[in-house]
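Input: a single structure, listed below in structure tokens.
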Protein chains: 2
Amino acid sequence: MRNPKEAAHKATGPILGHTQRGQCSKRLSILDAAAEVFCREGFAGASIDEIAVEACVSRQTIYNHYREKETLFTAVVEDVMNRTNSSLYSILATFPDKPDSLEDDLSAFAVRLTKNCLCNQDGKFLRKLVQSEGERYPQLFEGWRKHGPGKIGTALAALFARLSYGGALQMEDFDLAARQFLALVNADLQILTLFGESPTDEQLETAARNAVRTFLRAYSAPATNAPASQPPVKAVG
Amino acid sequence: MRNPKEAAHKATGPILGHTQRGQCSKRLSILDAAAEVFCREGFAGASIDEIAVEACVSRQTIYNHYREKETLFTAVVEDVMNRTNSSLYSILATFPDKPDSLEDDLSAFAVRLTKNCLCNQDGKFLRKLVQSEGERYPQLFEGWRKHGPGKIGTALAALFARLSYGGALQMEDFDLAARQFLALVNADLQILTLFGESPTDEQLETAARNAVRTFLRAYSAPATNAPASQPPVKAVG
DNA sequence: GTCAAATTAGACACTATTGTCTAAAACGTC
DNA sequence: GACGTTTTAGACAATAGTGTCTAATTTGAC
């Protein structure tokens with residue numbers, strides 16, 4: 001789902017959608033529908049006709065824009081990856097720099113992350129498709145590995161490093177802490193998302209709060225420890 | 001892969017396999033091959049002929065034993081689920097009751113869990129298939145949800161409760177702690193397993209050690225808290 | 001209104017797959 | 001060695017999907 005307008009179109013059903021959307025953006029319509037169907041059926045199970053119906057477009061139009069099924073598939077993956085990456089970076093920019101309450105601010109950050117990246121439609125798409133088609137298209141998802149969870153991991157690690165030098169956290173391996181932070185946030189969520197359910201806002205907040213509390217119990221600097229003595233940054237390998 | 005003998009058969013290739021295995025157990029041969037192919041290709045992408053070749057069996061034999069493709073699929077899922085469940089229970093029985101070193105014993109336990117349940121061929125199969133076909137066959141994987149990670153969670157929670165009452169751990173929500181323990185153990189592993197790679201023993205041990213140290217920093221009882229601060233072992237990725 | 005480009009429906013050939021059927025072969029048991 | 005069962009190879013119809021082609025229609029720009 002690309003934006004609220006299209007969500008509204010989806011809601012009205014395919015009948016009205018025909019002329020509702022400017023014909024200049026059939027490509028977007030196709031990409032959205034294809035993402036939906038590929039996610040639901042997998043690459044092999046998805047049929048071009050099904051995508052055409054869902055996109056309110058003739059099959060031939062799909063073949064005009066994207067030469068063949070595989071071309072369409074890679075286009076969809078790259079589209080979703082780009083959207084997710086940009087969303088990811090804008091969220092990373094909201095990381096609590098000088099936190100008022102570390103627990104509250106980290107929790108809110110974790111909620112933003114899960115709600116807009118990890119647990120939304122795009123996140124579900126990437127999770128499913130990387131899992132089912134990742135081995136078949138290694139170079140296609142290599143970008144996801146590097147710029148998706150890979151990048152989020154190193155970015156988070158850098159942010160944790162800043163908090164450590166500021167004296168709020170105490171840890172030796174920032175990358176490890178970042179991976180564990182993400183793992184803890186997902187701990188309560190993955191069972192829900194595995195079955196396609198979208199967690200409610202309340203569930204997201206509970207999961208984030210639980211994760212952050214445990215994370216801080218493990219990594220918050222002891223109150224007695226002055227922020228003066230900090231371990232040196234270990235080179236990231 | 002059902003047992004070492006069959007692994008040997010696989011290694012010799014399909015040519016000799018024909019008569020090598022007693023014909024009484026064609027069913028097992030079919031189940032193994034079907035698991036392999038379903039896991040690799042997904043339900044829609046897997047073809048009966050492909051399974052037949054991999055099982056060194058004629059297509060008709062498959063239809064004799066399992067009426068249709070979907071019957072075979074559910075049989076495979078139930079077979080893998082049963083195997084995983086029994087393996088799971090035997091591993092849960094090895095949970096450190098009266099631990100000598102909590103860190104060492106919990107780490108060793110986590111390694112057993114990942115090596116024999118979560119990261120082996122069956123674990124990969126279930127993860128992939130639950131993800132890709134879980135929404136299509138909800139009742140089929142409902143058992144997995146309850147008796148797989150659901151059961152492992154509650155079982156672990158009970159074991160953590162015992163350790164807590166024994167004074168080794170301190171926590172309020174045992175179920176939450178169990179989910180977080182599993183999440184932490186998977187933190188370093190899921191990126192590897194997502195792309196089909198099997199973690200080495202060394203990676204498994206490192207991941208377990210990292211997880212357990214963070215877990216204990218968050219949850220070990222205050223008395224034993226002092227000597228718990230150690231540098232983490234180096235990262236897996 | 002005109003025109004070029006985009007879109008459409010539908011037919012089409014081609015391939016792959018499912019599931020059935022049959023007759024021959026292999027097997028295990030006696 | 002004989003017999004009933006299992007397995008096998010192959011042909012087979014039926015179905016579904018991919019990708020192409022064409023001719024008609026719609027669209028947007030002028």
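Here is the naming used below: chain letters follow the sequence lines, and residue numbers restart at 1 for every chain.
- To the nearest 0.5 angstrom, A:T114 atom OG1 is 11.0 Å from A:Q203 atom CD.
- How far CD of B:Q121 is from CG of B:L126: 10.5 Å, rounded to the nearest 0.5 Å.
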*Between B:N64 and B:Q60, does a side-chain hydrogen bond (donor to acceptor under 3.5 Å, both in side chains) hold up when you go through it step by step?*
CA-CA 6 Å; B:N64 287 343; B:Q60 186 56 40; 3.1 Å; yes
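- Taking atom CG of residue A:N64 and atom P of nucleotide C:dT8, one finds them 9 Å apart after rounding to whole Å.
- For A:R27 and A:Y66, the positive end sits near the middle of the six-membered ring, less than 6.0 Å away and at most 45° from its axis.
- C:dC14 atom P lies 19 Å from atom CD of A:E68, rounded to whole Å.
- Checking the phosphate oxygens (OP1, OP2) of C:dT7, a side-chain nitrogen or oxygen of A:H65 falls inside 4.0 Å.
- For the atom pair A:K128 NZ and A:E133 CD, the distance stands at 10.5 Å (nearest 0.5 Å).
- Rounded to whole Å, the distance from CG on A:L72 to P on D:dG19 is 10 Å.
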Dump every N/O contact between nucleotides 12-17 of chain D and the protein below 3.5 Å, one line per pair.
none

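- Residue pairs meeting the ring-ring contact (aromatic ring centres under 6.0 Å, His included) criterion with at least one partner in residues 69-93 of chain B, sequence neighbours excluded, are B:F38-B:F73, B:F43-B:F73, B:F73-B:Y137.
- Checking side-chain atoms of B:R127 against main-chain N and O of B:C119 turns up no donor-acceptor pair under 3.5 Å.
- When rounded to the nearest whole Å, the span between CG of B:L28 and P of D:dT7 equals 12 Å.
- Distance CD1 (A:I62) to C1' (D:dG19): 12 Å, rounded to an integer number of Å.
- Listed pair B:T61 / D:dT8 meets the phosphate criterion, a side-chain N or O lying under 4.0 Å from OP1 or OP2.
- Between the side chain of A:T84 and the backbone N or O of A:M81 there is no donor-acceptor pair closer than 3.5 Å.
- At a threshold of 4.0 Å, the pair B:R83-B:D79 counts as salt-bridged, since one of the basic side-chain nitrogens sits closer than that to a carboxylate oxygen.
- B:Y63 has its OH atom 19 Å from the C1' atom of D:dT6, to the nearest Å.
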Under-3.5 Å N/O pairs linking protein and nucleotides 21-25 of chain D:
from   : atom 1 : to    : atom 2 : distance (Å)
D:dC21 : N4     : A:Q60 : OE1    : 2.5

